[in-house]
Amino acid sequence: MHLTLIKSSDEKKSIAYKIARVVYAETNARSLRVVEALTSMIHNLSISSGKTFHQIVSDKSLFEALNENSKNNKLTRVQPDNNGFQMCLRVAMRMLNGSLSDCCYGAIRFHREDTLPEWAMSKGYIADIDGLLFYL
């Protein structure tokens, strides 16, 4: 049997899937509110840094779930028909189409409430949304 990898010719849809997988892995789609907040943070970071969405959602230092030893790494391989993933995908498409408002108050960094990275020790967070803390 010969398998062929089918690549989407629609670049927007391809990056939407990548964004949705990372957002799903980091939030487990706990709520629409946290999915929108993390997705808008990705948008804010792209604007402030000049990085592409692909560069941002590939950054293992920003998204802990991308690291092989992360307990959430397996969530990056969520099935596309998963309801939570579909919610993340819809939000990612809204962001890419310019119809997602800034749901995290301009934040460009985040971490889970059960961790405290060194970079966050001297900063105050601006939002606590369903277990994710957001920073400028």
Side-chain angles (χ1 to χ4, degrees):
M1 175 194 290
H2 178 71
L3 298 175
T4 303
L5 178 64
I6 300 171
K7 293 185 178 182
S8 171
S9 61
D10 184 354
E11 193 63 33
K12 187 183 275 189
K13 192 170 186 179
S14 177
I15 192 59
Y17 268 81
K18 185 152 180 82
I19 293 167
R21 286 189 181 286
V22 170
V23 170
Y24 180 81
E26 292 292 346
T27 66
N28 202 9
R30 283 187 300 279
S31 70
L32 176 60
R33 186 172 176 235
V34 75
V35 167
E36 289 177 332
L38 189 56
T39 304
S40 64
M41 188 218 70
I42 292 167
H43 185 259
N44 293 344
L45 184 56
S46 177
I47 291 169
S48 70
S49 69
K51 292 182 179 179
T52 66
F53 294 125
H54 179 72
Q55 290 171 313
I56 291 168
V57 296
S58 299
D59 187 347
K60 292 180 179 183
S61 68
L62 185 59
F63 297 105
E64 184 262 336
L66 295 176
N67 295 301
E68 296 283 328
N69 59 351
S70 167
K71 64 180 178 158
N72 292 335
N73 182 264
K74 66 181 181 297
L75 297 176
T76 62
R77 297 179 292 282
V78 61
Q79 294 297 311
D81 62 347
N82 175 287
N83 288 337
F85 173 75
Q86 285 295 313
M87 176 177 60
C88 295
L89 184 59
R90 286 190 300 275
V91 171
M93 287 302 293
R94 281 176 43 214
M95 186 262 295
L96 292 171
N97 289 327
S99 58
L100 179 66
S101 62
D102 184 355
C103 306
C104 63
Y105 313 103
I108 58 171
R109 297 289 304 257
F110 83 104
H111 67 83
R112 287 187 191 80
E113 66 184 354
D114 61 350
T115 64
L116 183 59
E118 194 168 318
W119 61 262
M121 290 183 190
S122 63
K123 298 179 182 250
Y125 61 88
I126 59 168
D128 179 351
I129 302 174
D130 292 339
L132 295 186
L133 303 176
F134 291 89
Y135 296 78
L136 293 175

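For this chain, numbers begin at 1 and follow the sequence in order. Since we're looking at a predicted model, the values are computed, not measured. All values below come from the heavy atoms of this structure, side chains included, with hydrogens, waters and symmetry mates left out.
By the neighbour-count criterion of 12 heavy atoms within 6.0 Å, atom OH of Y17 is densely surrounded, having more than that number from other residues, nucleotides or ligands. The environment of N97 atom CG is dense: over 12 non-hydrogen atoms of other residues, nucleotides or ligands sit within 6.0 angstrom.
Two residues are said to be in side-chain contact when any heavy atoms from C-beta on lie closer than 4.5 Å; I129 and M41 fail this criterion. Contact check for K18 versus S58: side-chain heavy atoms found under the 4.5 Å cut-off. At a threshold of 4.5 Å between non-hydrogen side-chain atoms, the residues L38 and F134 count as touching.
Between the CG atom in L45 and the CZ atom in R109 there is a gap of 8.5 Å [rounded to 0.5 Å]. Distance check, rounded to the nearest 0.5 Å: CD1 of I19 to SG of C88 gives 11.0 Å. Within the model, atoms CZ of F85 and CZ of R90 stand 10.5 Å from one another, a figure rounded to the nearest 0.5 Å. For the atom pair CE of M95 and OG of S101, the computed distance is 12.5 Å after rounding to the nearest 0.5 Å. Rounding to the nearest 0.5 angstrom, the gap separating the CG atom in N82 from the CG atom in L89 is 11.5 Å. The line from CZ of R94 to OG of S40 is 10.0 Å long, rounded to the nearest 0.5 Å.
Between the side chain of S70 and the backbone N or O of L66 there is no donor-acceptor pair closer than 3.5 Å. The backbone N or O of K51 sits less than 3.5 Å from a side-chain atom of S46, completing a donor-acceptor pair. With hydrogens and angles disregarded, a donor-acceptor distance shorter than 3.5 Å links the side chain of E26 to the backbone of E64. Panel note: side chain N67, backbone K60; a donor-acceptor pair is recorded below 3.5 Å. A distance-only check finds a donor-acceptor pair linking the side chain of D59 to the backbone of S61 [under 3.5 Å]. Proximity of a side-chain donor or acceptor of T115 to a complementary backbone N or O of P117 within less than 3.5 Å is not detected.
Checked against ring-ring contact (aromatic ring centres under 6.0 Å, His included), H111 has the following partners two or more places apart in sequence or in another chain: W119, Y135.
Closest of all the heavy-atom pairs between S49 and I56 is OG-CD1, 4.5 Å. Closest non-hydrogen pair, C104 versus D102, comes out as N-OD1, 3.1 Å. A16 and M93 get closest at one heavy-atom pair: CB-SD, 3.3 Å. The heavy-atom pair separating L75 from Y24 by the smallest distance is O-CD2, 3.5 Å. Counting all heavy atoms, side chain and backbone alike, A25 lies closest to T76 at CB-CG2, 3.5 Å.
In the hydrophobic cluster analysis, where Ile, Leu, Val, Met, Phe, Trp and Tyr join through side-chain heavy atoms closer than 4.5 angstrom, I15 is grouped together with L100.
The aromatic rings of F110 and F63 sit tilted, their planes meeting at an angle between 30° and 60°.
A side chain to side chain contact (heavy atoms under 4.5 Å, CB included) with T39 holds for exactly one of T27, V91, L96, V34; it is V91. I108 pairs with exactly one of I42, I47, L136, N44 by the side chain to side chain contact (heavy atoms under 4.5 Å, CB included) rule, that one being N44.
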Item to complete: Dump the intermediate steps for side-chain contact (heavy atoms from CB on, under 4.5 Å) on N72 and R112, then the final yes or no.
Response: CA-CA 12 Å; N72 292 335; R112 287 187 191 80; 2.7 Å; yes
